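Whatever order the structure lists them in is the order used to number ligands and atoms, beginning at 1. Treat the numbers as computed from the prediction; the structure is a model and nothing was measured.
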Amino acid sequence: MPEESSPYGGAPQSAPTTGRKRVRTRHFRQAKADGVKITGLTSYDTLTAQIFDRAGIDFLLVGDSAGNTVLGYDTTLPVTVDELIPLTRAVARSCQRALVVADMPFGSYEVDASEALHTAIRFMKETGAHAVKLEGGERSADKIRRIVEAGIPVMGHVGFTPQSEHGLGGHVIQGRGDDGADQLLRDALAVEAAGAFAVVLEMVPSDAAAKVTAALSIPTLSVGAGPHCDGQLLVWTDWAGLTTGRTPRFVKQYAQLAQTLTEAAQAFKADVDSGAYPAAEHEYE
Ligand SMILES: Nc1nc(=O)c2c([nH]1)NC[C@@H]1CN(c3ccc(C(=O)N[C@@H](CCC(=O)O)C(=O)O)cc3)CN21
Ligand SMILES: CC(C)C(=O)C(=O)O
Ligand SMILES: [Mg+2]
C-alpha cells in the first residue's frame with residue numbers, strides 16, 4: 001500500500017508517529033495480505049498509551065488484565081465494565097495512530113447477544129475505543145455477529161481464555177493434540193465467520209497456531225502462540241519487567257522496570273534520610 005493511505009510501511013519509526021494515519025481494521029487485513037507483522041501491547045493509562053502510540057505500536061488493548069496489573073485482583077473474573085471504562089477512555093484519548101481495543105470483562109456479554117451488544121455500545125459511546133474484544137469461539141459467535149452488525153469492530157479471543165480459567169482447570173495450554181487443534185480451528189473459523197476483524201490466539205502450540213493462521217483470512221494475534229501468527233501482543237507490565245512474581249513462559253522482558261523503580265525508591269529514601277534531597281535547586285526562594 002502507498003504510504004499516504006497506509007499506516008504501515010516506510011522506514012522503521014524511531015521518531016514520534018504523530019500525524020500518521022490512524023490504524024484501521026482494514027489495515028489489519030492488509031497487513032496479513034502483505035506479510036507485515038502487527039504489534040500490540042496492553043495499556044491502561046494515558047502515559048503508557050502516549051508512549052506506545054508514538055513508538056508505533058499498532059494497537060493498544062485495554063485488557064481486563066487490568067484486574068491483575070492495575071486493580072490488584074488474582075484473576076480477571078471480578079473486573080467490571082465500570083472499572084474498565086475510565087481506563088479505556090484514558091487510553092483512547094491518548095492515541096493518535098494506534099487502534100484502541102476495549103476488552104469486555106467477564107459477566108458483561110455471556111448471557112445473550114443482546115447483553116453483548118449493550119456492553120459493546122457502552123464501551124463505544126463512553127470511551128472512544130475503536131473496537132471491542134470478547135473471549136470464546138463457537139460459544140461466542142452469535143454475540144460477535146450481533147455486535148458487528150451494529151457497526152462495531154470485534155476482535156476475537158480463542159485458545160486459553162482467562163475468564164474461563166476455572167472451567168478450563170487453570171492456566172492450561174489449549175489446542176494440544178488432534179482434538180485440541182481441531183477445536184481451536186473450529187473456534188477461530190467461527191470467530192471469522194461471525195465477522196471479527198482479527199483474533200487473539202492465547203497459549204496454544206505454535207504448530208496449531210500456524211494451521212489456524214493459514215486457514216483464516218483475518219489476522220491471528222499471538223499471546224504465547226508462537227512465531228507463525230500475523231502479530232504479537234503482550235501485557236505491557238510483563239513486557240516491561242514491572243510485573244512482580246512469575247510471568248508466563250511466553251513473555252520476553254524488554255525492560256526491567258520493577259528493578260529500576262525499586263532502586264529509585266531506595267535512592268529517594270536514602271536521600272531524604274541524609275538530607276541530600278531536596279537540594280538548593282529544588283527549593284523556592
Ligand atoms: N500480567 C498478566 N499477563 C498476562 O499475560 C495475563 C494476565 N496478566 N491476566 C489475564 C491473562 C491470564 N494469563 C495468563 C496467566 C498465567 C499464565 C501462566 O502461568 N502460564 C504458565 C503455564 C501454565 C501454568 O503452569 O500455570 C507458563 O509458564 O506459561 C499464562 C497466562 C494471560 N493474561
Ligand atoms: C492477554 C490479553 C489477550 C487480554 O485479554 C488482556 O490483556 O486482558
Ligand atoms: Mg482479557
Practice prompt. Please identify which atoms of ligand 2 are closer than 4.0 Å to at least one heavy atom of His157.
Written response: 3 (C), 5 (O)
Worksheet item: What's the spacing between Cys95 SG and His130 NE2 if we round to 0.5 Å?
Response: 7.5 Å
Worksheet, complete the sentence: atom 2 (C) of ligand 2: closest protein heavy atom, distance to 0.1 Å, is Leu61 CD2, 3.7 Å
Worksheet entry | Proximal atoms of ligand 1 relative to Pro162 (non-hydrogen, under 4.0 Å) | 11 (C), 12 (C)
Practice prompt. Decide, yes or no, whether a salt bridge links Asp238 with Lys252 under the criterion of side-chain N to carboxylate O below 4.0 Å.
Written response: no
Discussion item. Could you tell me, atom by atom, which parts of ligand 2 come under 4.0 Å of a heavy atom of Asp103?
Written reply: 4 (C), 5 (O), 6 (C), 8 (O)
Worksheet item: Using a distance-only test with no angle check, is there a side-chain donor-acceptor pair under 3.5 angstrom linking Ser94 and Thr46?
Response: yes
Fill in: Any donor-acceptor pair under 3.5 Å from Glu83 side chain to Thr80 backbone
yes
Worksheet item: Under 3.5 Å, is there a donor-acceptor pair between the Thr48 and Asp45 side chains?
Response: yes
Worksheet item: Considering distance alone, does some N or O of Arg246 sit under 3.5 Å from an N or O of ligand 1?
Response: yes
Discussion item. So that I can tick it off, tell me whether Asp103 and Lys133 are bridged by a salt bridge, with the cut-off set at under 4.0 angstrom between side-chain N and carboxylate O.
Written reply: yes
Discussion item. Can you tell me how far apart CD1 (Ile144) and CG (Leu134) are? Round to the nearest 0.5 Å.
Written reply: 5.0 Å
Discussion item. Between Glu138 and Gln183, is there a side-chain donor-acceptor contact under 3.5 Å, judged purely by atom types and distance?
Written reply: yes
Item to complete: Please could you name the atoms of ligand 2 that Gly63 approaches to less than 4.0 Å, counting only its heavy atoms?
Response: 6 (C), 7 (O), 8 (O)
Discussion item. Within ligand 2, which atoms have a heavy atom of Thr42 less than 4.0 Å away?
Written reply: 7 (O)
Practice prompt. May I ask whether Glu202 has any heavy atom positioned less than 4.0 angstrom from an atom of ligand 1?
Written response: yes
Worksheet entry | Protein heavy atom at shortest distance from atom 8 (O) of ligand 2 | Asp64 OD1, 2.7 Å
Discussion item. Which residue is it: Ile147, Ile152, Thr119? I am looking for the one with a side chain to side chain contact (heavy atoms under 4.5 Å, CB included) to Met124.
Written reply: Ile152
Worksheet item: When you check the gap from the basic side-chain N to the acidic O, do Asp82 and Arg122 get nearer than 4.0 Å?
Response: yes
Discussion item. Among all protein heavy atoms in this structure, tell me which lies nearest to atom 29 (O) of ligand 1, with the distance rounded to 0.1 Å.
Written reply: Arg249 N, 3.0 Å
Discussion item. With rounding to the nearest 0.5 angstrom, report the CZ to CH2 distance, Phe52 to Trp239.
Written reply: 4.5 Å
Practice prompt. Nearest 0.5 Å please: distance from the CG atom of Leu60 over to the CD1 atom of Ile51.
Written response: 11.0 Å
Worksheet item: Who's closest to atom 1 (N) of ligand 1 heavy-atom-wise, of Asn68, Asp238, Leu242?
Response: Asp238
Worksheet item: Using a heavy-atom cut-off of under 4.0 Å, does the side chain or the backbone of Lys133 touch ligand 2, or both, or neither?
Response: side chain
Worksheet item: Got the closest protein heavy atom to atom 20 (N) of ligand 1, with its distance?
Response: Met203 SD, 3.8 Å
Worksheet item: For ligand 1, which atoms have a heavy atom of Thr76 less than 4.0 angstrom away?
Response: 10 (C)
Worksheet item: Hey, looking at atom 31 (C) of ligand 1, which of Gly245, Pro248, Gly224, Gly67 has the closest heavy atom?
Response: Pro248
Response to the item:
One finds that the ligand 2 atoms under 4.0 Å from a non-hydrogen atom of Leu233 are 3 (C)
Practice prompt. Number the atoms of ligand 2 from 1 as they appear, then name those within less than 4.0 Å of a heavy atom of Ser65, with their elements.
Written response: 6 (C), 7 (O), 8 (O)
Worksheet item: Quick one: CZ on Arg146 to CG on Asp112, what's the gap to the nearest 0.5 Å?
Response: 7.5 Å
Worksheet entry | For atom 1 (C) of ligand 2, closest protein heavy-atom neighbour | Glu202 OE1, 3.8 Å
Worksheet item: Please state which protein non-hydrogen atom is closest to atom 6 (C) of ligand 1 and give its distance, to 0.1 Å?
Response: Val235 CG2, 3.9 Å
Worksheet, complete the sentence: What lies under 2.8 Å from the Mg ion (ligand 3), restricted to protein N/O/S atoms, is Asp64 OD1, Asp103 OD2
Worksheet item: In terms of ring plane angle, is the pair Phe197 and Phe28 parallel, tilted or perpendicular, where the classes change at 30° and 60°?
Response: perpendicular
Worksheet item: With only distance considered, is Thr237 within less than 3.5 Å of ligand 1 through an N or O on each side?
Response: no
Fill in: Output field: ring centroids Trp236/Tyr254 closer than 6.0 Å
no
Worksheet, complete the sentence: atom 24 (C) of ligand 1 has as its nearest protein heavy atom His171 O, 3.7 Å
Fill in: No-hydrogen, no-angle side-chain donor-acceptor test under 3.5 Å, Ser217 and Glu192
yes
